[in-house]
Amino acid sequence: MKKSTSTLLKKVVIHAMGYFYLAAGINHFLTPEFYLPLIPPFFSHPELINTLSGVAEILLGLGVLYFPTRSRAAWGVVIMLLAFVPSHVYFIQIGSCVEGGLCVSEWIGWVRLVLIHPVLIFWAYWIAKNPKIYG
C-alpha cells in the first residue's frame, strides 16, 4: 500500500470514529426515548445518565478529531464503552426488546455485546495508542 493511500485510510479511520461518536452523542438529545429504556433500572436518574452519555460522546468524538487531544479522547472512548457494558447486558436480560422501542432477536444483542462492542473498544484503543498515525 502506498504511503498516501495508507495515510488516507488512517485519516478515514480516525475521522469515522470522531464523527460516529459526535452523531451518537447528538442522538441522545434528539431521541432520548430510544436510550432511556436501555438504562438498567438499578441506576438512578436515567435522564441524567442519558444526558451525560450524550455530552461525553460529543466531547470525545470532537476530541478524537483534534490531534492534541486525540489520545486522551480515545482512552475516554474506551472507558465510556466499558461503562456501557451493563446496559448491553441488561438489554440481553430483558430479551433484547424494549416495549415501544428497539426490539431485535436475542442473538443480535449477544453479537452486539460479544463482537461489535469489543471491536469498538479495540478501534478506540488503537487510536489511543497511535495518535500520530498520520500527518
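Note that the structure is a prediction, hence the values are computed from the model and not measured.
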Chemist: Within the side chain of Ser87, is there an N or O that forms a donor-acceptor pair under 3.5 Å with the backbone of Leu38?
Modeler: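 Confirmed, Ser87 side chain pairs with Leu38 backbone.
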Chemist: Could you list all the side chain to side chain donor-acceptor pair (under 3.5 Å) pairs where at least one residue sits in residues 25-42, not counting sequence neighbours?
Modeler: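 Counting only pairs at least two positions apart or across chains, the side chain to side chain donor-acceptor pair (under 3.5 Å) contacts touching residues 25-42 are Asn27-Thr31, Asn27-Tyr35, His28-Asn50, His28-Glu57.
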Chemist: Just how far is it from atom CD1 of Ile39 to atom CG of Leu48, taken to the nearest 0.5 Å?
Modeler: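 Going from the CD1 atom of Ile39 to the CG atom of Leu48 covers 9.0 Å.
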Chemist: Taking all non-hydrogen atoms of both residues into account, name the closest pair between Val64 and Ala73 and its distance.
Modeler: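 Residues Val64 and Ala73, closest heavy atoms: N-CB, 3.5 Å.
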Chemist: For a 4.5 angstrom cut-off between non-hydrogen side-chain atoms, does Leu113 reach Trp110?
Modeler: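 Yes, close enough: below the 4.5 Å cut-off.
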Chemist: I need the Ile116 CD1 to Leu81 CG distance, nearest 0.5 Å.
Modeler: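 Separation between the atoms: 12.0 Å.
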Chemist: Hey, could you give me each pair passing disulfide bond (SG atoms under 2.5 Å apart) that has a residue in residues 11-68? Not counting sequence neighbours.
Modeler: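 Pairs touching residues 11-68 that pass the test: none.
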Chemist: Is the closest side-chain heavy-atom distance between Val13 and Trp126 below 4.5 Å?
Modeler: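 Side-chain contact under 4.5 Å: yes.
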Chemist: At their closest point, which heavy atom of Met17 faces which heavy atom of Leu120, and how far apart are they?
Modeler: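 Looks like CE-O, 4.4 Å.
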Chemist: When hydrophobic residues are tied together by side-chain contacts of less than 4.5 Å, even through go-betweens, does Ile92 share a cluster with Val85?
Modeler: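 Cluster IDs for Ile92 and Val85 match.
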Chemist: Can you find a heavy atom in the side chain of Leu62 that is under 4.5 Å from one in the side chain of Tyr21?
Modeler: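 The answer is no; the side chains never approach within 4.5 Å.
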Chemist: In Å and rounded to the nearest 0.5 Å, what is the NZ to NE2 distance from Lys10 to His15?
Modeler: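 It comes to 13.5 Å.
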Chemist: Is Val119 linked to Val78 within one hydrophobic cluster, defined over Ile, Leu, Val, Met, Phe, Trp and Tyr using a side-chain heavy-atom separation of less than 4.5 Å?
Modeler: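 Unlinked, Val119 and Val78 end up in two clusters.
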Chemist: Kindly check if the number of other-residue, nucleotide or ligand heavy atoms within 6.0 Å of CZ (Phe42) is above 12?
Modeler: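 For Phe42, atom CZ is crowded (more than 12 foreign heavy atoms under 6.0 Å).
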Chemist: Any disulfide bond (SG atoms under 2.5 Å apart) involving residues 45-80? Give me the pairs, sequence neighbours left out, ordered by first then second residue.
Modeler: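 Output for this query is empty, none listed.
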Chemist: Could you state whether Val89 and Val114 fall into the same hydrophobic cluster, counting links through intermediate Ile, Leu, Val, Met, Phe, Trp or Tyr residues with side-chain heavy atoms under 4.5 angstrom apart?
Modeler: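 Yes, it is one cluster - the side chains of Val89 and Val114 are joined through contacts under 4.5 Å.
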Chemist: Please, which pairs that meet disulfide bond (SG atoms under 2.5 Å apart) have at least one residue in residues 24-93, sequence neighbours excluded?
Modeler: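 Of all non-adjacent pairs touching residues 24-93, none passes disulfide bond (SG atoms under 2.5 Å apart).
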Chemist: According to a 4.5 Å side-chain heavy-atom criterion applied to Ile, Leu, Val, Met, Phe, Trp and Tyr, with indirect links allowed, do Ile79 and Trp123 form part of one hydrophobic cluster?
Modeler: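 Different clusters: Ile79 never reaches Trp123 through Ile, Leu, Val, Met, Phe, Trp or Tyr contacts under 4.5 Å.
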Chemist: Return each pair, listed once, that meets ring pair (Phe, Tyr, Trp, His ring centres under 6.0 Å) where at least one residue sits in residues 77-97; pairs must be two or more places apart or across chains.
Modeler: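 For residues 77-97, and leaving out neighbouring residues, the ring pair (Phe, Tyr, Trp, His ring centres under 6.0 Å) pairs sorted by first residue read His88-His117.
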Chemist: How long is the gap from CG on Leu60 to CG on Leu65, to the nearest 0.5 Å?
Modeler: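 Between atom CG of Leu60 and atom CG of Leu65 there are 11.0 Å.
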Chemist: Please list all pairs passing the disulfide bond (SG atoms under 2.5 Å apart) test where one or both residues lie in residues 4-111, with sequence neighbours left out.
Modeler: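 For residues 4-111: Cys97-Cys103.
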Chemist: Mind listing the closest non-hydrogen atom pair of Phe29 and Thr51 along with its distance?
Modeler: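 That closest heavy-atom pairing would be CZ-O, 3.7 Å.
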Chemist: Kindly say whether Val104 contributes a backbone atom to a donor-acceptor pair with the side chain of Ser96 at under 3.5 angstrom?
Modeler: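 No; judged by distance alone, with no hydrogens or angles, the pair does not exist.
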Chemist: Check Ser71 against Ala128 and note the closest heavy-atom contact, atom names and distance.
Modeler: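 Residues Ser71 and Ala128, closest heavy atoms: OG-O, 2.8 Å.
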Chemist: Roughly how far, to the nearest 0.5 Å, is the CD1 atom of Ile14 from the CZ atom of Arg70?
Modeler: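 One finds 4.0 Å between CZ of Arg70 and CD1 of Ile14.
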Chemist: I'd like to check Trp75 versus Met80 (side-chain heavy atoms, cut-off strictly below 4.5 Å). Are they in contact?
Modeler: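 Trp75 vs Met80: side chains apart.
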Chemist: Closest approach of Pro40 and Pro86, non-hydrogen atoms and distance?
Modeler: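 Taking every non-hydrogen atom into account, CG-O, 3.7 Å.
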Chemist: Flag yes if Phe43 and Phe34 sit in one hydrophobic cluster, no otherwise; membership is Ile, Leu, Val, Met, Phe, Trp, Tyr, and two members link when side-chain heavy atoms are under 4.5 Å apart.
Modeler: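 Phe43 and Phe34: separate clusters.
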